[in-house]
Structure formats: C-alpha cells, structure tokens
Amino acid sequence: MKNARLEEFRQVAYKYLGRAKDATFELTDAILLTRNVYSLADLSLSPVFRRKWSSIYEALQDSRPQRRKLMQLYIKQMPAEGRPLLAGDHTNWSRPDAVMLQERTYEHSGTSIAGNKPITIGQGYSTIAWIPEDSGSWALPLRHERITSWESPIEKALVDISGKDKYKVMPCF
C-alpha cells in the first residue's frame, strides 16, 4: 500500500516538473540519496543520475516546475485530521568573495571568528517543512527559496505559509 502511494506521488510530481523533467527527476533522486554534496558534479556520480554531468546544469536552467501544483501535491500528503506542525528555517549561504553574485546581503551566521560579529555576506534561504511525527527523524520540505534583499526571513516564511505573494508583515519590537 505504501509503495503504491509513493509511486503515485512520484508520477504526479514528475508531471509537474515542466521542461527537462527526466533530468530534473533524476537530479532530485540524486539529491535525496547522496549523503554529502560538495558540488553539482558530485550529484552526477550518483547511480540514480544516469545522464552526463552537464545534464544537471541544463536541467536547472530549463526546468520550470509548476510550483503551486507541487505545493498542493505536498499538502495532500498531510493528514486531514489534527493540526500540522510546520517548521521554518533561515539558512545563510556565505559567499563573501563572490563580488559579482546578485542580491548579496548581510546574513546572520551561527558561527563566527572570536571577536567578530556573527554575520556573513551571501544569500539567505527560507525553508518551510512539515514535521509529520512527534518523534522521528524526517520532514517533508514544502518550500525552499532564496530570500531577496527586499524581504526578511520572517516575511518570507509568512509568504510561504500563507501562499499569498503580497502578504505584509508588521514587525513587533
């Protein structure tokens, strides 16, 4: 029963991946099955990615997933009864030497050099995940997106949760 449900989920998700769906689907499997990824080329070594390494870059460039339909598919996996537990996370991607990187911002960094402020220059990412169990070790990521320079992590999380593109947040201090 669980295998049939997983197979149905994968077939519907595949349908919503847009262009380059074969390579994108294999890339997704490679991401899920690779313990440590240090570069995109590492993913091309995964046994589930049966294409040339350059297909990874082409898939990322050409794929246009139907985000709203995928989100609806993910939400259907959540039980209808009870209150879902959603977790939000803000992660920085430190890129202090990438001068040409668009939208670099000052980001909070959990690690710092003694005597320095806990910040870095790079890009921030917002993740919203459904935590299905009171105990256990897995979660279903619902959305993972870059936080632009005109958004805050909390604003981005609220937009992700509400599904509204123009959600306004009034900060309380």
Side-chain angles (χ1 to χ4, degrees), residues 2 5-6 8-10 12-18 24-25 27-40 42-43 56 59-60 63-96 98 101-113 116-173:
K2 288 185 179 183
R5 186 173 174 201
L6 176 61
E8 178 185 349
F9 172 83
R10 288 174 59 86
V12 175
Y14 174 82
K15 191 171 64 173
Y16 295 150
L17 290 179
T24 304
F25 203 72
L27 176 59
T28 302
D29 283 342
I31 291 168
L32 291 172
L33 295 174
T34 305
R35 183 176 296 256
N36 294 316
V37 178
Y38 300 102
S39 70
L40 290 175
D42 285 344
L43 294 171
I56 291 176
L60 292 173
S63 179
R64 297 291 180 261
Q66 298 176 38
R67 293 172 37 186
R68 295 221 186 263
K69 288 185 178 182
L70 283 168
M71 178 66 78
Q72 290 169 356
L73 175 65
Y74 300 158
I75 290 171
K76 284 181 186 176
Q77 307 312 305
M78 299 166 58
E81 68 280 345
R83 182 177 283 177
L85 176 60
L86 300 176
D89 179 54
H90 167 242
T91 302
N92 72 65
W93 183 31
S94 183
R95 300 292 300 220
L101 183 67
Q102 290 182 351
E103 290 286 314
R104 283 191 328 159
T105 53
Y106 291 100
E107 298 290 330
H108 172 73
S109 177
T111 58
S112 66
I113 298 171
N116 289 346
K117 294 182 179 178
I119 60 169
T120 187
I121 298 174
Q123 293 178 326
Y125 288 84
S126 173
T127 303
I128 301 295
W130 167 52
I131 313 300
E133 305 166 349
D134 290 336
S135 63
S137 62
W138 75 276
L140 176 64
L142 299 173
R143 182 171 279 177
H144 180 77
E145 291 186 342
R146 187 172 62 80
I147 302 168
T148 64
S149 62
W150 59 85
E151 297 171 307
S152 75
I154 292 176
E155 286 173 328
K156 187 65 169 184
L158 289 174
V159 169
D160 289 348
I161 292 170
S162 71
K164 299 175 185 173
D165 293 330
K166 300 291 183 190
Y167 196 87
K168 297 292 180 195
V169 176
M170 296 302 294
C172 299
F173 296 107

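Positions are given from 1 along the sequence. Since the model is a prediction, treat every value here as computed from it, not as a measurement.
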Notebook entry, point to check: Side chains of Gln123 and Ile147: does their closest heavy-atom pair fall under 4.5 Å?
Noted result: no
Next item on the list: Kindly indicate, with the supporting measurements, whether the criterion side chain to side chain donor-acceptor pair (under 3.5 Å) is fulfilled by Glu103 and Thr148.
Entry: CA-CA 7 Å; Glu103 290 286 314; Thr148 64; 5.0 Å; no
Checklist line | Minimum heavy-atom distance between Pro79 and Trp130, given as atom pair plus value | finding: CD-CZ2, 3.3 Å
Notebook entry, point to check: Do the side chain of Thr127 and the main chain of Gly88 share a donor and acceptor less than 3.5 angstrom apart?
Noted result: no
Note to self: As a quick check of understanding, evaluate side chain to side chain contact (heavy atoms under 4.5 Å, CB included) for Thr105 and Arg146, giving each step before the final call.
What the structure shows: CA-CA 11 Å; Thr105 53; Arg146 187 172 62 80; over 6 Å; no
Check: Any side-chain donor-acceptor pair under 3.5 Å between Glu107 and Ser109?
Finding: no
Check: Taking side chain as C-beta onward, heavy atoms only, is Pro118 less than 4.5 Å from His108?
Finding: yes
Next item on the list: To the nearest 0.5 Å, tell me how far Lys76 NZ sits from Phe9 CZ.
Entry: 11.0 Å
Check: CG of Asn92 to CD1 of Ile121: how many Å apart, nearest 0.5 Å?
Finding: 11.5 Å
Notebook entry, point to check: Are the aromatic rings of His144 and Tyr125 close, with centres under 6.0 Å apart?
Noted result: yes
Check: Does some side-chain heavy atom of Val37 sit less than 4.5 Å from a side-chain heavy atom of Ile31?
Finding: no
Note to self: Given 3.5 Å as the limit, does a donor-acceptor pair link the side chain of Ser152 with the main chain of Glu155, or not?
What the structure shows: yes
Margin query: One thing to verify: whether Glu145 and Arg67 come together as a salt bridge, which I'm taking to mean a side-chain N less than 4.0 angstrom from a carboxylate O.
Written below: yes
Check: What are the two closest non-hydrogen atoms of Thr24 and Ala59, and how far apart are they?
Finding: OG1-CB, 3.7 Å
Notebook entry, point to check: When Ile75 is tested against each of Met71, Gln72, Gln77 for side chain to side chain contact (heavy atoms under 4.5 Å, CB included), which residue passes?
Noted result: Met71
Check: Is there side-chain contact between Met78 and Pro84, with at least one heavy-atom pair below 4.5 Å?
Finding: yes
Item checked: Other residues, nucleotides, ligands: >12 heavy atoms within 6.0 Å of Tyr14 OH -> yes
Next item on the list: List the steps and the verdict of side chain to side chain contact (heavy atoms under 4.5 Å, CB included) for Leu86 and Leu142.
Entry: CA-CA 9 Å; Leu86 300 176; Leu142 299 173; 3.8 Å; yes
Check: So, are Asp42 and Arg35 salt-bridged, with charged N and O less than 4.0 Å apart?
Finding: no
Note to self: In the structure I gave you, are the side-chain heavy atoms of Leu60 and Leu40 within less than 4.5 Å of one another anywhere?
What the structure shows: yes
Next item on the list: Return yes if a side-chain donor-acceptor contact under 3.5 Å exists between Thr120 and Ser94, otherwise no.
Entry: yes
